[in-house]
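In what follows, every chain begins at residue 1, and chains take the letters A, B, ... in the order their sequences are listed.
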2 protein chains.
Amino acid sequence: MSRNKQKGRPNVALSPQEWKLMTLLWEKSPQPAYDLIEALAPREKWHPNTVRTMLARLLQKRVVRAERYKNLYLYSAALSREDLVNAESSSFLERVFGGALRPALIHFVKKQRLSPEEVEEMKRILDENSDPSKS
Amino acid sequence: MSRNKQKGRPNVALSPQEWKLMTLLWEKSPQPAYDLIEALAPREKWHPNTVRTMLARLLQKRVVRAERYKNLYLYSAALSREDLVNAESSSFLERVFGGALRPALIHFVKKQRLSPEEVEEMKRILDENSDPSKS
DNA sequence: CTGGTTTAACTACAGCTGTAGTGAGAGGAC
DNA sequence: GTCCTCTCACTACAGCTGTAGTTAAACCAG
């Protein structure tokens, strides 16, 4: 259970725009560039070339993979959302809270003012993830 | 109590290095550049000019203020840590969790495996910040 | 006063990011 | 076969970041 996978620790950081693209790829992979461009089109209004450039850069960073299909490429997420969320969360914690989780949690909880139901849910999650072996 | 200060909503984002500098300034303001350089020296090994450049940029962004004192400047944080933590947290939530707090909380709790004592503390904090007016 | 030390100002430069233009090759419409 | 269209590859360029070098002004030791 507590395998500390040191292995695939992603060393990359995604820019905000890249997160948006990746979100689409985590929802559905593989996809041709065109589908991504279309999917993005409603909210973000990116030039098609912009999307392609970002895909190319994500390829370089090896965050996405591409397979040739006929005359085009099909892009897939190469790293799991989980991995990148972990990386980004650590970097956030490190930067903003000096790596300390507790103040961060406190900050979020205080900000958000959860409803009593949500509080109950959080407590349940806390219990499920409590680690009795610690102190 | 619930003054929703729409006012000074900081529109800036700090880079990782800038956070480190600001951390020092939140601990003690005002300070001359030299003290900051010294304080940084142990862990980070930044060239003095690097620190000064960063200060200059933070000045431009109006995140720090400087007052002339004799032949040098004394730098002070111009924005509260609180404000910048808020800004950074929102941007983080937005980017990584699409703005949804709950999955973020769940993520952090699951990652960190708190000790039972910490779990108790978190529950206390949850209770203190529960908002019964919400559903 | 004169030169060394410190501060501050300006300049440099590479890598990343956001955003796109341009050109070349491949496939389909006629 | 010829031309239009789409995909991809390459290029561009400005703004931000990390990291510092250079220059000029100012102050203190002698």
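The existence of a salt bridge linking B/Glu18 and B/Lys61 is confirmed by a sub-4.0 Å separation between a basic side-chain nitrogen and an acidic carboxylate oxygen. Ionic pairing of B/Glu88 and B/Arg81 is not present here: no N-O contact between side-chain nitrogen and carboxylate oxygen is shorter than 4.0 angstrom. Ion pairing between a basic and an acidic side chain is recognised when a charged N comes within 4.0 Å of a carboxylate O; A/Glu117 and A/Arg124 show no such pairing.
When all heavy atoms are compared, the tightest approach of B/Gln31 to B/Asp35 is OE1-CB, 3.4 Å. Closest approach of A/Pro30 to A/Leu74, counting heavy atoms only: CB-CB, 3.7 Å.
Distance, B/Asn71 CG to C/dT6 P: 12 Å, rounded to whole Å. At whole-Å resolution of the value, NZ in B/Lys70 and P in D/dC27 are 9 Å apart. Look at CG on B/Leu72: it is 13 Å from P on C/dT6, rounded to the nearest Å. Put simply, CZ on B/Arg68 is 13 Å from P on D/dA25, counting in whole angstrom units. In this structure, CG of A/Leu55 is placed 16 Å from C1' of D/dC10, rounded to the nearest angstrom. With rounding to whole Å, B/Arg52 atom CZ is found 16 Å from C/dT11 atom C1'. Rounded to an integer number of Å, the gap from CD of B/Glu67 to P of C/dA8 is 12 Å. One atom, CG of B/Asp35, and another, C1' of C/dT6, lie 14 Å apart when rounded to the nearest Å.
Hydrophobic clustering, with ILVMFWY side chains joined whenever heavy atoms are under 4.5 angstrom apart, keeps B/Leu72 apart from B/Tyr75.
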Atom pairs and distances, donor-acceptor, side-chain atoms in residues 41-53 of chain B, under 3.5 Å, two or more places apart:
{"unit_1": "B/Glu44", "atom_1": "OE1", "unit_2": "B/Lys20", "atom_2": "NZ", "d": "3.2"}
{"unit_1": "B/His47", "atom_1": "ND1", "unit_2": "B/Asn49", "atom_2": "N", "d": "3.0"}
{"unit_1": "B/Thr53", "atom_1": "OG1", "unit_2": "B/Asn49", "atom_2": "O", "d": "2.9"}

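Taken over five-pair windows at either terminus, the axes of the helix from C/dC1-D/dG30 to C/dC30-D/dG1 are inclined to one another by 10° (rounded to 10 degrees).
Contact annotation for B/Ala56: no contact, since no heavy-atom pair falls under 4.0 Å across all strands.
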Along nucleotides 12-20 of chain C, 5' to 3', which nucleotides get a B, which get an S, and which get a -, given that the test is a protein heavy-atom distance under 4.0 Å?
B----BBBB
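The aromatic rings of A/His107 and A/Phe97 are tilted relative to each other, their planes meeting at an angle between 30° and 60°.
Nearest to the side chain of B/Tyr34, among C/dT7, C/dA9, D/dC8, sits C/dT7.
Between the side chain of A/Ser90 and the backbone N or O of A/Asn86, at least one donor-acceptor pair lies under 3.5 Å.
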